[in-house]
Amino acid sequence: MVAITLPDGSIKKFDSAVTGAEIAAAIGPGLARDALAIRLDGELKDLGAVVERDARVEVVTRKDADALELLRHDAAHVMAEAVKELYPETQVTIGPAIEDGFYYDFARQTPFTPEDLERIEARMREVVERDEPIAREVWDRGEAIAFFKQQGEHYKAEIIADLPPGEEITLYRQGEFIDLCRGPHLPSTGRLGKAFKLTKLAGAYWRGDSNNEMLQRIYGTAWASEAQLADHLHRIEEAKRRDHRRLGREMALFHFQDEAVGMVFWHPKGWTLYGLLVDYVRRRLAAAGYVEVNTPLLVDRSLWEASGHWEKFREHMFTVEADERTLALKPMNCPGHVQIFRQGLKSYRDLPLRMAEFGACHRYEPSGALHGLMRVRGFTQDDAHIFCTDDQITSESVAFCDLALGIYRDFGFTDIVIKLADRPAVRAGDDAVWDRAEAALKSAVEATGLEYELNPGDGAFYGPKLDFVLRDAIGREWQCGTLQVDFVLPERLDASYVGEDGARHRPVMLHRAILGSIERFIGILIEQYAGKFPLWLAPVQAVVATITNDADAYAAEVAAALGAAGLRTELDTGSDKIGYKVRLHSTRKVPLLLAVGKREAAERTVSIRRLGGKAQEVLALDEAVARLTEDATSPIGRRPG
RNA sequence: GCCGAAGUAGCUCAGUGGUAGAGCAACUGAUUCGUAAUCAGUAGGCCCGCGGUUCGAAUCCGCGCUUCGGCACCA
């Protein structure tokens, strides 16, 4: 007797062991038809899995969130089957389900072409049409290895040979195609349905190691319904429309060109934005007790040798020869800050010393890593180093988390994941110090009340760190802030302070950034806001547009009044119709459009239209200036001057 | 850096061996209009670069550069 507890709490009894399919059938014919798999005591299993003892069972259908992973995993297998049919000389390797879809890595001499992709997708649809049953088989390890070797599938044989001893070797067979797989799978290929699409071709290293040969990866997306697929494709289009590289060009914010690969040419409107961000952060830092400094871009090699960068970071540094010496463009600001710290004797009374710099850094990034503003070779960090005692690590960490989260909130980021990376295998400093530093970071994160993830062993060699990952308006994640504890650099560069006891001590350095790089953060903001910046950040805040040229003189007066009140204002006295001007400035994403015609000129009013809205608000000029300057106030109050 | 694809007007793209094109943007003129496109005209090109094949190359071939999609990298 086997008693199966269903999700609604009811219990079905069977005389002997039953399969998932039989359980579904016992509940109802509709469910039997829709069943894809079961969840047995919380664990996903094939529909054909046998339940031999009392258990909780849920029947999984397309409507369940679990179904997506199954569908995607099956899509990968169906793709592999299609590829083997079309190109039998191809070897299969691995093909997992991933976010939004799946991929499969293949080994093949001649690369796949975009036309091959179409053929493969068409063949996949035939495999689905055939509705081949998918059967699970348990194999002996040696036999499985011999089988795949004999099939010419050397990668599969290698994977099996590397599986931990004692692990059950399961193969899944569908039609002529048989693949090593942990499962679970759908009962047949027909259940995959039609809601899938192959999306891109890419290279990928075998086992993710760049020392290995490169395989060919085919990516696809798969969903439970065609409506979901259409939604997904629509989201991709939406993301393209938000792409900061496209918006940056359209909005005349910046450009790149071949003579300065990976470095930004900031245009007037982009530089306005840049300045606004720096100004905002500068005032936040001042309020949080930081001092600001500036250190040289070009520094002699000897300092980088002393700091350890020459040894660990050399290949990412640009160098310059001059005066028979080798200078390096700074890739980081920390060694420079230690030089300032070392000027003059420091007392424990000087600590914590929070030293900030909008530090222009250059790094020779691999060419394939460059990506618009997000990954550049010349950028400016909102960097700071906090020199403090061991005892101050906790309070400084808590204060930093508070500051960072406040800043993120001002830009509309509230969905933030914090990652705590602790000691790596190879590290500097003794364990007692690591214990304290890790505990300090942990208590700082806990004080924020936010959830955090542990990245075990992912800390820097010189200390543990917290990373702040923001999730933007369309769900993408960006790592921005960081807080790193460093016990090593003060030692290497001989920073010290005099303690209460009159003896010399090593300070601890906390490396920290909030936006990360200004360039990158602007890229993120462009995409977060889809170019429609909040009023305080918009490069052009208002356009005064005339309805007829009779209002030109008054319009100039309105624009001047707004400009005098500190609003970034443009005047449009062109001879186009007001409808055209509304459209033009709307597509340019100007937040405020002030239309003035004969009526406004006569009454000394303005008609305000806000971006995205249709409503117009007619206000007296003085009132409008007061209202709009109020609306344009930055989150930390009016800009001085 | 590695695999693949692409590079034609400011932008989006057509042109696949025989006189470089369209739409939008720009410029000029007319129009003076009440909230997402007024009309007409003009101008705009080392077709990424360098070699090669050919009577002839934007088009075919080779090399290089850059960009895009991934992989690796992101101390």
Side-chain angles (χ1 to χ4, degrees), chain A residues 98 103 105-108 110-117 199-219 236 240 243 245-246 249-250 252 255-262 307-309 311-317 331-332 334 361 363-372 374-377 379 424 458-462 465 467 479 482 484 486 511 516-517 520 545-552 573-588 593-600 607-618:
Chain A
I98 54 172
Y103 69 77
D105 285 346
F106 300 99
R108 182 169 183 252
T110 38
F112 290 114
T113 64
E115 294 71 48
D116 292 336
L117 222 59
T199 52
K200 47 197 171 193
L201 277 167
Y205 296 107
W206 165 236
R207 299 198 149 159
D209 184 339
S210 58
N211 295 312
N212 291 342
E213 66 275 28
M214 185 155 271
L215 306 172
Q216 293 184 65
R217 177 171 295 178
I218 301 178
Y219 282 96
I236 304 256
K240 271 190 198 158
D243 190 312
R245 293 166 299 187
R246 173 194 179 123
R249 187 176 54 230
E250 287 175 2
H255 85 271
F256 291 92
Q257 65 186 51
D258 293 357
E259 291 81 356
V261 172
S307 69
H309 288 87
E311 184 200 347
K312 300 235 179 239
F313 208 66
R314 171 74 188 90
E315 60 186 16
H316 298 288
M317 290 162 70
M332 297 181 198
C334 18
C361 295
R363 297 181 190 177
Y364 182 68
E365 299 286 358
S367 57
L370 301 176
H371 181 90
M374 303 306 195
R375 193 80 180 270
V376 286
R377 288 177 171 167
F379 57 97
D458 203 36
F461 76 94
Y462 51 73
K465 63 174 181 171
D467 286 324
Q479 198 215 298
T482 189
Q484 307 180 359
D486 185 352
H511 304 247
S517 113
R520 184 175 142 91
T546 50
I547 292 165
T548 74
N549 289 126
D550 293 337
D552 284 3
T573 53
S575 63
D576 298 293
K577 297 205 269 196
I578 191 63
Y580 179 85
K581 293 182 183 181
V582 166
R583 181 182 151 75
L584 177 70
H585 301 297
S586 298
T587 57
R588 291 186 178 169
L593 184 83
L594 285 72
V596 297
K598 288 178 196 158
R599 200 156 64 222
E600 286 79 8
S607 167
I608 303 168
R609 182 191 169 110
R610 289 175 193 262
L611 182 60
K614 269 199 176 330
Q616 296 147 46
E617 189 181 10
V618 178

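Since we're looking at a predicted model, the values are computed, not measured. Sequence lines set the chain letters: A, B, ... in the order given, protein chains first and strands last, and positions in each chain run from 1.
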Please name the nucleotide paired to [N] by Watson-Crick or G-U wobble geometry with both distances under 3.5 Å, or report none.
N: B:C27; result: B:G41
N: B:U59; result: none
N: B:C68; result: B:G4

Taking only the [atom1] atom of each, what is the distance from [N] to [M] in whole angstrom?
N: B:A43; M: B:G10; atom1: C1'; answer: 13 Å
N: B:C24; M: B:G41; atom1: P; answer: 12 Å
N: B:A40; M: B:G34; atom1: C1'; answer: 25 Å

**OP:** Determine, for nucleotides 24-30 of chain B in 5'-to-3' order, which nucleotides have protein heavy atoms under 4.0 Å from the base (write B), from only the sugar-phosphate (write S), or from neither (write -).
**Re:** -S----B
Original post:
Nucleotide by nucleotide, 5' to 3', does protein get under 4.0 Å of the base (B), only the sugar-phosphate (S), or neither (-) in nucleotides 64-74 of chain B, counting heavy atoms?
Top reply: --SSSBBBBBB
Subject >> Partners meeting salt bridge (Lys or Arg N to Asp or Glu O under 4.0 Å) with A:D486 (sequence neighbours left out) >> reply: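 A:D486: no salt bridge (Lys or Arg N to Asp or Glu O under 4.0 Å) contacts found.
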Subject >> Non-neighbouring partners of A:R246 that pass salt bridge (Lys or Arg N to Asp or Glu O under 4.0 Å), sequence neighbours left out >> reply: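 If we apply the salt bridge (Lys or Arg N to Asp or Glu O under 4.0 Å) test to A:R246, skipping adjacent residues, the hits are A:E250.
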Original post:
Looking only at side chains, do A:D209 and A:N212 share a donor and an acceptor under 3.5 Å apart?
Top reply: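 Not at all, the side chains of A:D209 and A:N212 share no donor-acceptor pair under 3.5 Å.
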Original post:
Under 3.5 Å, is there a donor-acceptor pair between the A:R207 and A:Y205 side chains?
Top reply: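 No, A:Y205 and A:R207 have no side-chain donor paired with an acceptor closer than 3.5 Å.
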**OP:** Answer yes or no: side-chain N or O of A:N549 and base N or O of B:U32 forming a donor-acceptor pair under 3.5 Å.
**Re:**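 Looking at the base of B:U32, it does pair with a donor or acceptor on the side chain of A:N549 (distance under 3.5 Å).
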Original post:
Between the base of B:G1 and the side chain of A:E315, is there a donor-acceptor distance below 3.5 Å?
Top reply: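 Side chain to base: no pair present.
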Original post:
For A:Q257, what residues pass the side-chain hydrogen bond (donor to acceptor under 3.5 Å, both in side chains) criterion, not counting sequence neighbours?
Top reply: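 Checked A:Q257 against side-chain hydrogen bond (donor to acceptor under 3.5 Å, both in side chains); matches are A:H255, A:E259.
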**OP:** Would you please classify the geometry between the A:H316 ring and the A:F313 ring as parallel, tilted or perpendicular, with 30° and 60° separating the classes?
**Re:**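 Plane angle between 30° and 60°, so tilted.
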Original post:
Nearest 0.5 Å, what's the CZ-OG1 distance between A:R599 and A:T548?
Top reply: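 Those atoms lie 11.5 Å apart.
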Original post:
Which listed nucleotide (B:G4, B:C33, B:A36) is nearest to the side chain of A:T587?
Top reply: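 Of all the options, the side chain of A:T587 is nearest to B:A36.
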Subject >> Where the chi angle of B:U16 falls, syn if within 90° of 0 and anti if not >> reply: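 Because its glycosidic torsion lies within 90° of 0, B:U16 adopts the syn conformation.
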Subject >> Contacts of type ring pair (Phe, Tyr, Trp, His ring centres under 6.0 Å), residue A:H585, not counting sequence neighbours >> reply: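 Residues passing ring pair (Phe, Tyr, Trp, His ring centres under 6.0 Å) with A:H585: none at all.
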Original post:
Within 45 degrees of the axis of the six-membered ring of A:F379 and under 6.0 Å from its centre: does A:R377 put its NZ or CZ there?
Top reply: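 Judged by the rule, A:R377 and A:F379 form no cation-pi pair.
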